[in-house]
Amino acid sequence: IRKDTVDFVENFDSSLEEPQVLPAIVPNLLVNGATGIAVGMSTNIPPHNLGEVVDALSYMIKNWDRQEEINVEELMKFVQGPDFPTGGVILRDKEKDGIATAYGTGRGRITLQAMARVESIGRGRERILVTELPFQVNKSSLIEKIANLAREGAIEGISDLRDESDRQGMRIVIELSKSAD
């Protein structure tokens, strides 16, 4: 603020001047993400990797003279997509890339999937190990929904379901019966 980098405007009663925006070294809103509704407009900005955002900023500063020409594709060389703290896999469709659309227009859809693998436990039985969940998915609610669906018969072939998460990381174990596919 003291370096005169932002414009000042009058406050609500014109008694003081205040900065139009608060200056920051990095765009914290992009790095930390944001969710909310204000003045009838909703926002849902996913968190991004600090290193990638700084690399993109450095690129923009180095190419300041042609800043108007820098496009989404150039910046996506540095910021490939959101960086969700809980993990998960972003599903991408080559024909309609939700990430590129979101970055280019401000509107888009990003689909996340849990990280899971199938493991053999002997005697012809297998289990599914879930090690990462999509951002903002509640683990206990998910386990409860799976258990309810198995009890109701909507999902067949689950012999055991348990949460083995600890300090080492998240781990949901879904043991399958021999006949399960």
*Starting from the C-alpha separation in whole Å, work towards a yes-or-no answer on side-chain contact (heavy atoms from CB on, under 4.5 Å) for Lys139 and Ser165.*
CA-CA 10 Å; Lys139 180 178 60 170; Ser165 303; 3.1 Å; yes
*Could you go through the side-chain contact (heavy atoms from CB on, under 4.5 Å) check for Gln20 and Val6 one step at a time?*
CA-CA 7 Å; Gln20 194 169 13; Val6 295; 5.8 Å; no
_Let's go through Val173 and Leu129 carefully: what are the C-alpha distance in whole Å and the side-chain angles of both, what is the deciding distance for side-chain contact (heavy atoms from CB on, under 4.5 Å) to 0.1 Å, and is it a yes or a no?_
CA-CA 5 Å; Val173 179; Leu129 295 176; 3.6 Å; yes
*Go through the steps to decide whether Thr86 and Glu132 satisfy the test side-chain contact (heavy atoms from CB on, under 4.5 Å), and finish with yes or no.*
CA-CA 6 Å; Thr86 57; Glu132 296 178 13; over 6 Å; no
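Annotation: the span from Ile99 atom CD1 to Arg109 atom CZ amounts to 14.0 Å, rounded to 0.5 Å. Within the model, atoms CD1 of Ile110 and CD1 of Ile90 stand 6.0 Å from one another, a figure rounded to the nearest 0.5 Å. To the nearest 0.5 Å, the span separating CD on Glu126 from OG on Ser159 amounts to 11.5 Å. Between Ile61 atom CD1 and Gln67 atom CD the span is 9.5 Å, to the nearest 0.5 Å. The distance from atom CD of Glu144 to atom CG of Asn138, rounded to the nearest 0.5 Å, is 9.0 Å.
By the 4.5 Å heavy-atom criterion applied to side chains, Thr35 and Gln136 are counted as neighbours. In this structure the side chain of Asp7 never reaches within 4.5 angstrom of the side chain of Val9, judged on heavy atoms.
Distance alone, capped at 3.5 Å, places no donor-acceptor pair between the Asn148 side chain and the Glu152 backbone. Of the possible polar contacts, none joining the Thr101 side chain to the Gly108 backbone as a donor-acceptor pair under 3.5 Å is found.
Looking at Ser120 and Arg127, their side chains never bring a donor and an acceptor atom within 3.5 Å of each other.
Side-chain heavy-atom separations under 4.5 angstrom define the hydrophobic clusters, and the remaining members of the one that includes Val137 are Val118, Ile128, Val130, Leu133, Leu142, Ile143, Ile146, Leu149, Ile155, Ile158, Leu161, Met170, Ile172, Ile174, Leu176.
Using a cutoff of 4.0 Å between basic side-chain nitrogens and carboxylate oxygens, Arg162 and Glu175 are scored as salt-bridged.
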Would you tabulate the side-chain donor-acceptor contacts of residues 49-60 under 3.5 Å, counting partners in other chains and residues two or more places apart, or write 'none'?
residue, atom, partner, partner atom, Å
Asn49, OD1, Gly51, N, 2.8
Asn49, OD1, Glu52, N, 3.0
Asn49, ND2, Asp83, OD2, 3.3
Ser58, OG, Val54, O, 3.0
Tyr59, OH, Arg66, NH2, 2.8
Tyr59, OH, Glu74, OE1, 2.4

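Nearest heavy atom pair, residue Ala180 against residue Gly157, reads CB-O, 3.6 Å.
Under a hydrophobic clustering in which Ile, Leu, Val, Met, Phe, Trp and Tyr are joined whenever their side-chain heavy atoms come within less than 4.5 Å, directly or via other members, Phe8 and Leu22 fall into the same cluster. When hydrophobic clusters are built by joining Ile, Leu, Val, Met, Phe, Trp and Tyr residues whose side-chain heavy atoms come closer than 4.5 Å, directly or via intermediates, Phe84 is not grouped with Met115. Residues Leu29 and Val31 fall within the same hydrophobic cluster, defined by Ile, Leu, Val, Met, Phe, Trp and Tyr side chains chained together at heavy-atom separations under 4.5 Å.
Remark: aromatic rings of His48 and Tyr103 are close, center separation under 6.0 Å.
Counted within 6.0 Å of CD on Glu156, heavy atoms from surrounding residues, nucleotides or ligands total 12 or fewer; the atom is thus considered open. Within 6.0 Å of CD1 in Ile25 there are 12 or fewer heavy atoms belonging to other residues, nucleotides or ligands.
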